[in-house]
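All ligand and atom numbering here is 1-based and tracks the order in the structure. Basis for what follows: all heavy atoms, side chains included, without hydrogens, waters or symmetry-related copies.
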Amino acid sequence: MLGGKRVLLVIGAGIAAYKSLDLIRRLRDAGAQVTPVLTRAAEEFVTPLSVSALAGSKVFRDLFDLTDEAEMGHIQLSRSADAIVVAPATADLMAKMAQGQANDLASTVLLATDTPVLIAPAMNVRMWQHPATQRNLAQLQHDGVRVVGPESGDMACGEFGPGRMSEPAQIIQALAAMLGDGPLSGRRILVTSGPTHEPIDPVRYIANRSSGAQGAAIARALLALGAQVVFVTGPADVPAPQGAKVVPVQTAQQMHDAVMDALPVDAAICAAAVADWRVSTASDRKLKKTKDGLPQLGFAENPDILRAISQPGERRPQLVVGFAAETDDVVENATAKRLRKGCDWIVANDVSPATGIMGGSENAVVVIDATGPEVWPRMEKDAVAAKLAQRIAQALA
Ligand code: C5P
């Protein structure tokens, strides 16, 4: 996948640095040539000897190492690679990069480079969510830096949330995609995600509990395989994926129109929890309490987006995937839904409260296609997304 590519790997000082050793091994397995750069503090987490042994290369460690400067200056080091990967990218390294500081070898190389840069952030959840880090992230993205992760989950510090470094396999996929090498490079894929909000009046609406987490994870996994993603999202709790074309909508009708505008696409993944009905009597003024009793709401059916794009015709995507959240007879109901909607696959899951899936970080799905159901074990939503993206890549190949 990365045959002959020269990768400069900057290892920051985080507990996730141990995963960078595995990353080096996998990069080399994928055909890349790895030159490691260790920050001074990173040496507290991994030893230069182990990094050097795995990389099969000299480790570059300090800006003021005169031997290195004589053999290969930092400018040359930064330009001699096809890509620079920063993993783990600590809050400190991100801040230095965003501000253009150059006070050690890693930051100097990153400032001097003209090659594409991919960062895999890893830090405590509060540090990640801090406005300063989010400001730095936005600046780096504006500067053209690509970002993979972080993932959500249990952290070494005992907290839970976004901050865990992406797994080496995901970093490699993102790198391959950045270098135009992913299995979905050149493919355009539509993902719908999140809930819809159906107004009752200017301040009230009908909604559902979808967080948008699974849809966003699928979009990230498709991006990591090199796809161009159009992400049509209702008002979700989770941020939209970096690197997608994001089309924010509120209502089912707006989502339908945005989806139709996005066609043609190679594949459409409908992960949104679309409201089945809208309030046909929505008021353009705030409803008030009156002596005449309770307000009467009238309802109208919303367009079924999945069904609409599954209709045979010139603009039908090659692959259409729908979702089915069920509380009983999951496989039977979802199999019937696949036929009713006319889509190619249905990803079904049991959302009974006892499963803890709705709003949780894990999912257990059954993927149903024309050949029947395929049961997947329970796993993180990110892992479901990665497995689904691989299956989509195979179907479109
Ligand atoms: O009919 P039901 O809502 O159970 O179907 C779920 C699937 O259909 C999901 O893939 C959802 O995104 C899609 N859907 C849609 N438009 C609707 C209702 C559901 O695209 N109006």
Engineer: Non-hydrogen atoms closer than 4.0 Å to ligand 1: which protein residues do they belong to? List them by chain and number, please.
Structural biologist: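 Lining ligand 1 at under 4.0 Å, by heavy atoms, one finds Cys270, Ala272, Val274, Asp276, Pro303, Asp304, Ile305, Leu306, Gly322, Phe323, Lys337, Lys341.
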
Engineer: Check whether Arg378 reaches the backbone of Glu362 with its side chain - one donor and one acceptor, N or O, closer than 3.5 Å.
Structural biologist: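 Checking the backbone N and O of Glu362 against the side chain of Arg378, no donor-acceptor pair under 3.5 Å is found.
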
Engineer: Using a 3.5 Å distance criterion without hydrogens, assess whether the side chain of Arg220 forms a donor-acceptor pair with backbone atoms of Ala240.
Structural biologist: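 Between the backbone of Ala240 and the side chain of Arg220 there is no qualifying donor-acceptor contact (under 3.5 Å).
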
Engineer: Decide whether Leu222 and Val365 are clustered together by the hydrophobic rule: side chain heavy atoms of Ile, Leu, Val, Met, Phe, Trp, Tyr closer than 4.5 Å, transitively.
Structural biologist: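 Yes, same cluster.
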
Engineer: Are the side chain of Asn208 and the backbone N or O of Ala273 linked by a donor-acceptor pair below 3.5 Å?
Structural biologist: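 Answer holds: yes.
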
Engineer: One thing to verify: whether Arg338 and Asp344 come together as a salt bridge, which I'm taking to mean a side-chain N less than 4.0 angstrom from a carboxylate O.
Structural biologist: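 No, this pair does not count.
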
Engineer: Should the heavy atoms of other residues, nucleotides or ligands under 6.0 Å from CZ of Arg307 be counted, would the total exceed 12?
Structural biologist: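 Open.
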
